[in-house]
Amino acid sequence: MTRTADQDLSFGIATRAVHAGQSPEPLAGSVTLPIFQTSTYVQEGIGKNKGYDYARTVNPTRQALERNIAALEGGTHGLAFSSGMGAIHGVITLLSAGDHVVCGENVYGGTHRLMDKILSRLGLTFTFVDTREVDVVAAAVTPKTKMLFVETPTNPLMRLADLAALGDLAKSHGLVFVVDNTFATPIFQRPFEFGADVVLHSTTKYLNGHSDMVGGMVALRRDDLAERLQFIQKSVGAVPGPFDCWLALRGTKTLPLRMRQHDANGRRIAEWLAADPRVQAVFYPGLPSHPQHDLACRQMQGFGGMLSIETGSLERARRVVEGTKLFALAESLGGVESLIGHPATMTHAAVPPAMRQAMGLTDGLVRLSVGIEDSEDLIADLDRALGA
Ligand SMILES: Cc1ncc(COP(=O)(O)O)c(C=O)c1O
């Protein structure tokens with residue numbers, strides 16, 4: 001666990017991205033933080049060391065990443081994990097057998113699988129609800145509920161949760177309010193400002209941004225939760241290696257610039273798709289036709305590059321995802337290159353079909369992660385694939 005410095009939080013977000021946790025290294029003055037590729041550290045005597053004893057517990061490259069991302073979120077503590085799922089697992093194991101979690105029904109498929117297939121075997125219980133409706137969330141809270149877990153915008157239906165209203169609800173019931181901010185990133189959404197206790201990420205996605213590592217991150221503002229999560233992090237050991245931390249840090253330096261371009265391309269492509277009769281529906285919070293566009297404008301500073309389209313059938317979806325050339329058919333999202341995916345058989349295959357159907361995650365749904373290429377080239381690519 002690494003604390004942010006007051007000075008990190010005094011800067012604007014682009015300055016934090018470049019500088020938080022990244023002062024020149026003292027030995028040679030290397031401007032770029034070294035990769036401390038070590039498993040252990042020499043100790044001067046019993047109980048005498050430089051604050052570093054074993055690399056599962058602490059590593060300087062990892063500390064820099066933890067401080068950097070926590071500062072971007074406006075948190076006071078950061079903890080890095082070996083994947084987004086490792087981060088989510090760590091956060092939920094803050095709870096104990098018998099505790100209950102209210103979770104968004106349209107979270108990432110792997111999050112649902114972890115809760116439904118693994119953690120529920122260990123005595124935790126979960127209720128999955130539509131987090132667009134605050135009343136529905138409130139109705140799911142029981143005396144055993146200890147945590148409220150939401151993604152907004154959701155993956156892949158791009159539904160929003162009202163962070164301020166849910167923050168109030170969580171506070172009034174004493175729940176730990178956890179927000180997966182992977183899609184929006186701290187550039188476009190700052191959950192702590194709406195009452196979140198824990199903000200987490202798959203750093204595999206936008207924060208790294210180059211599709212070359214897998215990682216997870218948790219930012220917190222509460223000392224008690226940060227200390228307990230640090231104990232979990234070192235005990236469970238799902239920590240990232242120093243090279244992956246370094247890659248993620250290189251990514252966060254350009255996060256504000258990249259997000260601007262993802263957002264510009266996302267808006268342009270969403271508008272183009274919305275005007276195309278071959279597409280039955282476009283799910284993108286930046287479109288005025290999105291049912292929660294007003295909420296998006298209130299709690300987000302941009303809408304990013306994630307959007308989904310309804311093509312009408314599995315066969316049409318197959319033709320589109322197999323027909324693009326620039327958009328690569330692949331799992332994952334948030335990299336500089338555009339990706340296309342079919343949630344029902346890829347990212348959300350682990351969600352039971354009846355649940356997918358009930359929430360509108362159809363076999364015709366196609367998800368786009370719009371990259372930072374020229375939007376005209378991306379549109380030409382989609383145009384060709386939709387006509388296939
Ligand atoms: C919103 C969201 N959260 C968490 C995860 C899990 O992250 P990872 O694949 O790094 O374990 C994903 C992965 O796609 C995701 O989309």
Side-chain angles (χ1 to χ4, degrees), residues 65 69 73 79-93 101 103-119 128 131 149-161 163 178-189 191 196 198-219 233 236 238-241 244-245 247-248 251-252 259 262 283 285 300 303-308 328-335 339-351 356 359 361 365 367-370:
L65 178 68
I69 295 178
E73 283 291 358
L79 292 110
F81 288 82
S82 55
S83 67
M85 291 318 304
I88 293 168
H89 177 268
V91 166
I92 299 175
T93 53
V101 179
C103 179
E105 63 180 1
N106 183 216
V107 286
Y108 168 59
T111 305
H112 182 273
R113 178 176 56 202
L114 172 69
M115 294 176 176
D116 191 45
K117 298 276 186 287
I118 298 178
L119 296 173
F128 297 95
T131 45
F149 188 110
V150 303
E151 248 177 56
T152 179
T154 62
N155 179 2
L157 290 166
M158 306 305 294
R159 293 174 177 164
L160 304 191
L163 289 173
V178 182
V179 179
D180 182 334
N181 204 26
T182 299
F183 268 36
T185 82
I187 307 304
F188 293 146
Q189 184 168 272
V198 178
V199 180
L200 61 84
H201 283 271
S202 165
T203 44
T204 319
K205 310 299 187 314
Y206 284 112
L207 295 187
N208 164 267
H210 295 76
S211 307
D212 53 14
M213 51 74 73
V214 170
M217 184 71 202
V218 180
Q233 183 200 40
V236 175
V239 293
D244 283 349
C245 293
L247 286 170
T252 56
M259 290 313 292
H262 284 296
F283 305 94
M300 302 177 77
F303 311 110
M306 293 307 299
L307 60 101
S308 295
L329 175 60
E331 303 262 358
S332 204
L333 61 105
L339 300 181
I340 194 162
H342 182 242
T345 56
M346 295 167 76
T347 47
H348 290 68
V351 178
R356 283 205 305 265
M359 72 175 123
L361 202 166
L365 195 79
R367 191 187 78 180
L368 304 178
S369 169
V370 177

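We count ligands from 1, going down the list as the structure has it; atoms in each ligand are counted the same way.
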Write down, by chain and number, every protein residue that brings a non-hydrogen atom to less than 4.0 Å from an atom of ligand 1.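 Answer by chain and number: Ser83, Gly84, Met85, Ile88, Tyr108, Glu151, Asn155, Asp180, Thr182, Ser202, Thr204, Lys205, Gly215, Leu333.
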Results of ring-ring contact (aromatic ring centres under 6.0 Å, His included) for His112 - residues two or more places apart only: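 Here the qualifying residues are Phe128.
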According to side-chain contact (heavy atoms from CB on, under 4.5 Å), who are the partners of Pro240, at least two apart in sequence or on a separate chain?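 Here the qualifying residues are Arg62, Ala80, Cys245.
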Test of understanding: with side-chain contact (heavy atoms from CB on, under 4.5 Å), list the residues that count as partners of Asn181, not counting sequence neighbours. Glu73, Ala184, Pro186, Gln189, Pro191, Val199, His201
Any side-chain heavy-atom pair of [X] and [Y] under 4.5 Å:
X      : Y      : answer
Ile340 : Arg367 : no
Leu160 : Pro153 : yes
Phe149 : Met115 : yes

